[in-house]
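Written below as C-alpha cells is the structure these notes are about.
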Amino acid sequence: MPDRYLFKEIEVRTDAYKAQHPDARLLRMGVGDVTQPLPAAVIEAMHKAVDELAHVETFRGYGPEEGYAWLRQAVIDHEYTPRGIRLDIDEVFISEGAGSDLGNLSELFLPSNRVAILDPSYPAYMDGSIMAGREVIHLPCTIANGFVPELPKQKADIIYLCLPNNPTGTVLRRHELQQWVNYAIENQSIIIFDAAYEAYIEEDDVPHSIYELEGAKQVAIEVRSFSKSAGFTAVRCGYTVVPKETGLNAMWLRRQCTKYNGTAYVAQRAAQATFTPEGKQGIAANLAYYKRTAHLIADGLTALGYKVYGGKNAPYIWCKTPDTMDSWTFFDLLLHQCQVVCTPGAGFGDAGQGFVRFSAFSNRKDVEEALQRMKKL
Ligand code: PLP
C-alpha cells in the first residue's frame with residue numbers, strides 16, 4: 001500500500017508548489033469535492049435543528065444507532081419505492097457518509113474471504129482490503145474492454161462495484177449488471193454496491209439501484225451518500241441498505257450498535273430536507289451545474305486532442321495522458337506549467353497508469369481558464 005493516501009499526496013505536492021509560487025492561481029480539478037453551496041431548504045433545516053438543541057423542551061441526546069425513522073422512511077419513499085423496490089425500514093442504516101461504511105462492512109466477513117476490486121477504482125476499496133489483510137483479485141478496466149470489467153475467473157467472496165464508476169465514469173446497462181448479480185448468486189458472493197454517483201446517471205437503461213435487478217436483495221449491500229448528490233461532503237450523511245435476505249442485516253445492526261453511536265442529529269435533519277420539494281429543486285440546480293461542467297471539460301479536452309472517457313453519467317473525466325507519459329509526470333506537468341490540479345490515474349490502481357482524472361466539481365470559470373492554459377501548453 002502506498003505510504004500516503006492518494007489525495008493526501010496530491011495535497012502535499014500542490015502545497016509544495018504553492019509555497020514556492022505564492023502568487024500562482026491554482027485551478028483545482030483534482031479532488032472530487034463539491035463546490036456549490038447547500039440548497040436554502042437544507043440550511044434552514046440545519047438552523048432549526050440547532051435551535052431545537054438549544055431548548056430543554058426540544059433538546060435531543062443520542063439518537064438510534066441506525067438513524068431516525070423519519071429519515072429512513074424518507075429514503076425508502078423517495079429513493080426506492082418510486083423505482084419499484086420494496087424495503088423494510090430496518091434494512092436502511094443512516095451513516096456519516098459512504099466512506100466509513102465501505103471500510104467497516106469488511107468486518108462482516110472472514111479475513112480469508114477474497115475480494116474482487118475494479119482496477120482502477122476509488123482507493124478506499126483497495127486500501128481498506130489491504131488493511132483488513134485480504135487477498136485481492138484485480139479486475140482491470142481498460143480501453144481494450146471499454147472499461148467494463150470481466151466477471152472474476154476465481155471465486156470472489158466480496159465484490160466492490162462502484163457504478164457510475166469513479167474514476168472512469170463507466171456505467172453498466174441493466175443486462176450487464178444482472179450478470180454480476182447472477183455471478184454473486186451462483187458463487188455465494190456479496191456485492192458491495194457503491195452508488196455514490198447515482199444522481200449523475202443520464203441514460204434510461206442504467207440502473208440507479210442494484211435492487212432494480214432480479215435476485216439482488218439476496219446478494220447486495222448498497223452504499224449511498226448525500227455527499228455528491230446533495231453537496232454534503234462537509235455535513236456528512238449517507239445510508240447503507242443491508243437487506244435481510246443477505247443474512248447480514250442483524251450482524252450489521254449489532255456492529256453499528258457496538259461501534260457507531262449514530263449520525264449527528266443536525267446532519268440527519270439536513271438530509272431529510274433534501275427530500276422536500278424546495279430541497280429537490282436546489283439539488284437539481286446544483287447537479288445540472290456539475291453535469292454541464294462535466295460536458296464542458298470532456299468537450300474541451302477532446303477539442304485539444306486528448307482522448308477522454310466518462311463525463312457522462314458521472315462527474316469525472318478520465319483522460320489518456322499524451323504519448324506514453326505516466327500519470328504523475330503529467331500531473332506534475334499540468335501543475336507546474338498550467339497551475340492546473342488533476343488526479344493521477346495511477347493512484348486508482350495499476351490499470352490507471354497513463355491516465356489522469358479531471359473533476360467536474362469545479363468552478364465553471366476556472367474550468368474555462370484551465371482549458372485555455374492547457375491549449376497554450
Ligand atoms: N464512494 C466513492 C466512489 C467516492 O468517490 C467517495 C468520495 O469521493 C465516497 C464513496 C465517499 O463519500 P462520503 O463523502 O459519503 O464518505
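The number of heavy-atom neighbours closer than 6.0 Å to NZ of K8, taken from other residues, nucleotides and ligands shown, is 12 or below. For E107, the CD atom counts as densely surrounded, since its 6.0 Å shell holds more than 12 non-hydrogen atoms of other residues, nucleotides or ligands. Shown here is K280, whose NZ atom has more than 12 heavy atoms of other residues, nucleotides or ligands within 6.0 Å. No more than 12 heavy atoms of other residues, nucleotides or ligands shown are found within 6.0 angstrom of NZ on K375. Within 6.0 Å of CZ on R254 lie no more than 12 heavy atoms contributed by other residues, nucleotides or ligands. By the 6.0 Å contact criterion, NE2 on H47 is open, its count of non-hydrogen atoms from other residues, nucleotides or ligands being 12 or less. Atom CG of D205 sits in a crowded spot, with more than 12 heavy atoms from other residues, nucleotides or ligands closer than 6.0 Å.
To the nearest 0.5 Å, atom CD of residue E9 and atom OG1 of residue T14 are 9.5 Å apart.
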Exercise. Can you list the steps and then say if E150 with N145 is a side chain to side chain donor-acceptor pair (under 3.5 Å)?
Worked result: CA-CA 8 Å; E150 283 174 31; N145 63 17; 5.1 Å; no
Exercise. Do L296 and E368 pass the side chain to side chain contact (heavy atoms under 4.5 Å, CB included) test, and can you show the C-alpha distance, the side-chain angles, and the key distance before you say yes or no?
Worked result: CA-CA 8 Å; L296 179 77; E368 282 161 2; 4.0 Å; yes
For this session: Show your working on ring pair (Phe, Tyr, Trp, His ring centres under 6.0 Å) between Y160 and Y122 and close with a plain yes or no.
Result: CA-CA 10 Å; Y160 279 102; Y122 179 57; 9.8 Å; no
For this session: Walk me through it: do H55 and F59 pass the test ring pair (Phe, Tyr, Trp, His ring centres under 6.0 Å)?
Result: CA-CA 6 Å; H55 301 284; F59 175 77; over 10 Å; no
For this session: Start with the C-alpha gap between Y316 and T343, add the side-chain angles, then the distance that decides, and say whether side chain to side chain contact (heavy atoms under 4.5 Å, CB included) holds.
Result: CA-CA 10 Å; Y316 299 121; T343 303; over 6 Å; no
For this session: Carefully, step by step, assess D90 and R72 under the rule salt bridge (Lys or Arg N to Asp or Glu O under 4.0 Å).
Result: CA-CA 8 Å; D90 52 1; R72 298 155 81 203; 6.0 Å; no
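Taking the side chain as every heavy atom from C-beta outward, I192 and L102 approach each other to under 4.5 Å. Looking at S121 and N166, their side chains never come closer than 4.5 Å, going by heavy atoms from C-beta outward. Residues Q268 and I94 have side chains in contact (heavy-atom distance under 4.5 Å, counting atoms from C-beta outward). Side-chain contact check for L161 versus I159: some heavy-atom pair is nearer than 4.5 Å. When side chains are defined from C-beta on, M374 counts as touching L334, because their heavy atoms get closer than 4.5 Å. Put simply, the side chain of Y309 reaches to within 4.5 Å of the side chain of F355, judged on heavy atoms.
Salt bridge status for R114 with E135: present, with a side-chain N to carboxylate O gap under 4.0 Å. Using a cut-off of 4.0 Å between Lys/Arg side-chain N and Asp/Glu carboxylate O, E52 and R60 are scored as salt-bridged. A salt bridge links E369 with R373: the distance from a Lys NZ or Arg NE/NH1/NH2 to an Asp or Glu carboxylate oxygen falls below 4.0 Å.
With 3.5 Å as the limit, one finds no donor-acceptor pair spanning the side chains of S189 and D157. A donor-acceptor contact closer than 3.5 angstrom is absent between the side chains of Y68 and Q272. Using modelled atom types, one finds a donor on one side chain and an acceptor on the other under 3.5 Å when comparing Y125 with D194.
The aromatic rings of F147 and W318 sit perpendicular, their planes meeting at an angle over 60°, well past the 30° parallel limit.
Taking the six-membered ring where the residue is Trp, the centroids of Y290 and F361 are separated by under 6.0 Å.
Panel note: side chain S95, backbone G238; a donor-acceptor pair is recorded below 3.5 Å.
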